[in-house]
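This is a predicted model, so every value here is computed, not measured. Per chain, numbering begins at 1; letters A, B, ... match sequence-line order. All heavy atoms count here, side chains included; hydrogens, waters and symmetry mates do not.
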Protein chains: 2
Amino acid sequence: MRTSMKRSENKSRYAILGMLTIAPMSGYDLKKFTEKSMNYFWNENYAWIYPTLKQLEQEGLVVSSQEKQEGRPDRHLYTLTEQGRAELRRWLNEPTVFHETPRNEHLLKMFFADQVPLSITIEQMRFWREALQNMLTSLEDLDRQASVVALEQKVPQGRPYRLLALSYGLHMGRAQLVWCEETIAKLEGLP
Amino acid sequence: MRTSMKRSENKSRYAILGMLTIAPMSGYDLKKFTEKSMNYFWNENYAWIYPTLKQLEQEGLVVSSQEKQEGRPDRHLYTLTEQGRAELRRWLNEPTVFHETPRNEHLLKMFFADQVPLSITIEQMRFWREALQNMLTSLEDLDRQASVVALEQKVPQGRPYRLLALSYGLHMGRAQLVWCEETIAKLEGLP
DNA sequence: GCCAACATGTAACCCGTTACATGATTGG
DNA sequence: CCAATCATGTAACGGGTTACATGTTGGC
């Protein structure tokens, strides 16, 4: 575990505090939850979750309780404290600094594609299109279940925040796919 | 400088090799070029460029020459070697692993927005919209110059790869803005 | 009989950023 | 005269990933 974990820059803190507003969870649960419901805009990682949970507990933002299980490791369930909720709200109120350019390796290759034959670039694009298609399909599946999920997760009625977030994913996924298909068509039309 | 720079994972290598296909450049030039022409999908950083250039030189992928200047530090101009071009092509031919979820802090706040008053969320969204608007405007400016730039940069005629990359940025920028505006409208319509 | 899922954790490493160090020239 | 631009670099740090370590249970 790191000697000092700086308070300001670690976003996983807030993701974890946020998820714990839904229900008490273990490190394992938190990972599964991000994978199932937030994977189109967030990811978490055991090697970061477990140390962060300990840190949050030391700061009094969460409390842990152990659930004994037969033949399996104990589940360490973490529950949000009032201080934890306050810290989450503090962050939610802060203005969000516009994020840095995420690097896109696909586009980097497109940008220097004049160094290889056209056929290679078309192949790369088809590969990308397929990946996008799969991603979008799984998002659409999520969307079909989402109204249920959203209600279960105790979001106040008429405040469909999680559906709005999902809708962002759908907008972006579709836009990427549209560009991808346009671009493949253009490339295929070249001499 | 780092003791060992692993060969496989450092994408800046390829960005740099790619830019050097356009013209010999200094570290300073490379940084400026990314800022001017690639900032919507890539970024570079002096503290990474300079060590990487040295590394590339050691590997024989680039060669440097010094340009003496009066009253200013020398310019170290780096030129791509045939080996460098081969290495770039090798990478361009590789299938691109689909990139990990980029974390989106705006969406993370949206996802847990039930913890704060609606007015805060609307404010956050307006702030985001403004940033997106600015980004899109500067991309559209770039687009207006781009046909010239693309020709100057010796891309084979009829292979508008850099314009296609730019078009990706425009598609994404517009889609984000559309979602942002839809979402603000929805939030403003809530009780 | 084997693989996936359950469950928690650490060590090493790598990528990239921020801050520091230096200093001349040009334009407003 | 002050800020921005030109120009190159290093040290320290931080955030996040990969690989390692361990062991049970349930489904196919």
Distance below 4.0 Å between Arg103(A) side-chain N/O and dC15(C) OP1 or OP2: no
Short side-chain N/O contact from Asn45(A) to OP1 or OP2 of dT17(D), under 4.0 Å: yes
Asn10(A) CG to dC13(D) P, straight-line distance once rounded to whole Å: 18 Å
Centroid-centroid distance, Phe112(B) to Tyr14(A), less than 6.0 Å: no
Phosphate OP1/OP2 of dC15(C): any Ser12(B) side-chain N/O under 4.0 Å: no
Sugar-phosphate only, base, or nothing, as touched by Asn43(A) at under 4.0 Å among non-hydrogen atoms: sugar-phosphate
Lys54(A) NZ to dT8(C) P, straight-line distance once rounded to whole Å: 11 Å
Under-4.0 Å side-chain N/O to phosphate OP1/OP2 contact, Tyr28(B) with dC6(D): yes
What pairs of donor and acceptor atoms, side-chain ones from residues 130-137 of chain B against any protein atom, are under 3.5 angstrom apart with sequence neighbours left out?
unit_1, atom_1, unit_2, atom_2, d
Asn134(B), ND2, Glu130(B), O, 3.4
Thr137(B), OG1, Gln133(B), O, 2.8

Rounded interatomic separation in angstrom, taking CG from Leu30(A) and C1' from dC6(C): 15 Å
Pairs touching residues 14-29 of chain A that satisfy salt bridge (Lys or Arg N to Asp or Glu O under 4.0 Å), sequence neighbours left out: Asp29(A)-Arg75(A)
For Arg85(B), salt bridge (Lys or Arg N to Asp or Glu O under 4.0 Å) partners two or more places apart: Glu82(B)
Whole angstrom value for the distance that separates P of dG14(D) from CH2 of Trp48(B): 18 Å
Salt bridge (Lys or Arg N to Asp or Glu O under 4.0 Å) contacts in which one or both residues fall within residues 118-129 of chain B, not counting sequence neighbours: Arg126(B)-Glu188(B)
Nucleotide dT25(D), atom P - distance to CZ of Arg75(A) in whole Å: 17 Å
Value in whole Å for how far the P atom of dG9(C) lies from CD1 of Ile49(A): 12 Å
First encountered from the 5' end of DNA chain D, between Glu44(A) and Ser26(B): Ser26(B)
Pair Gln55(B), Glu59(B): side-chain N/O donor-acceptor within cut-off below 3.5 Å: yes
Nearest to side-chain heavy atoms of Ala47(B), which nucleotide of dT10(D), dG9(C), dC6(C): dT10(D)
Atom pair distance, as rounded to whole Å: NZ in Lys31(A) and P in dA5(C): 12 Å
Residue-phosphate contact under 4.0 Å: Tyr50(B) side-chain N/O, dT8(D) OP1/OP2: yes
side-chain contact (heavy atoms from CB on, under 4.5 Å) partners of Phe127(A), counting only residues at least two apart: Pro95(B)
Nearest-Å distance for atom pair OH/C1', residues Tyr14(B) and dC15(C): 14 Å
Inter-end axis angle, the helix from dG1(C)-dC28(D) to dG28(C)-dC1(D), with every axis fitted to five base pairs (rounded, 10 degrees): 50°
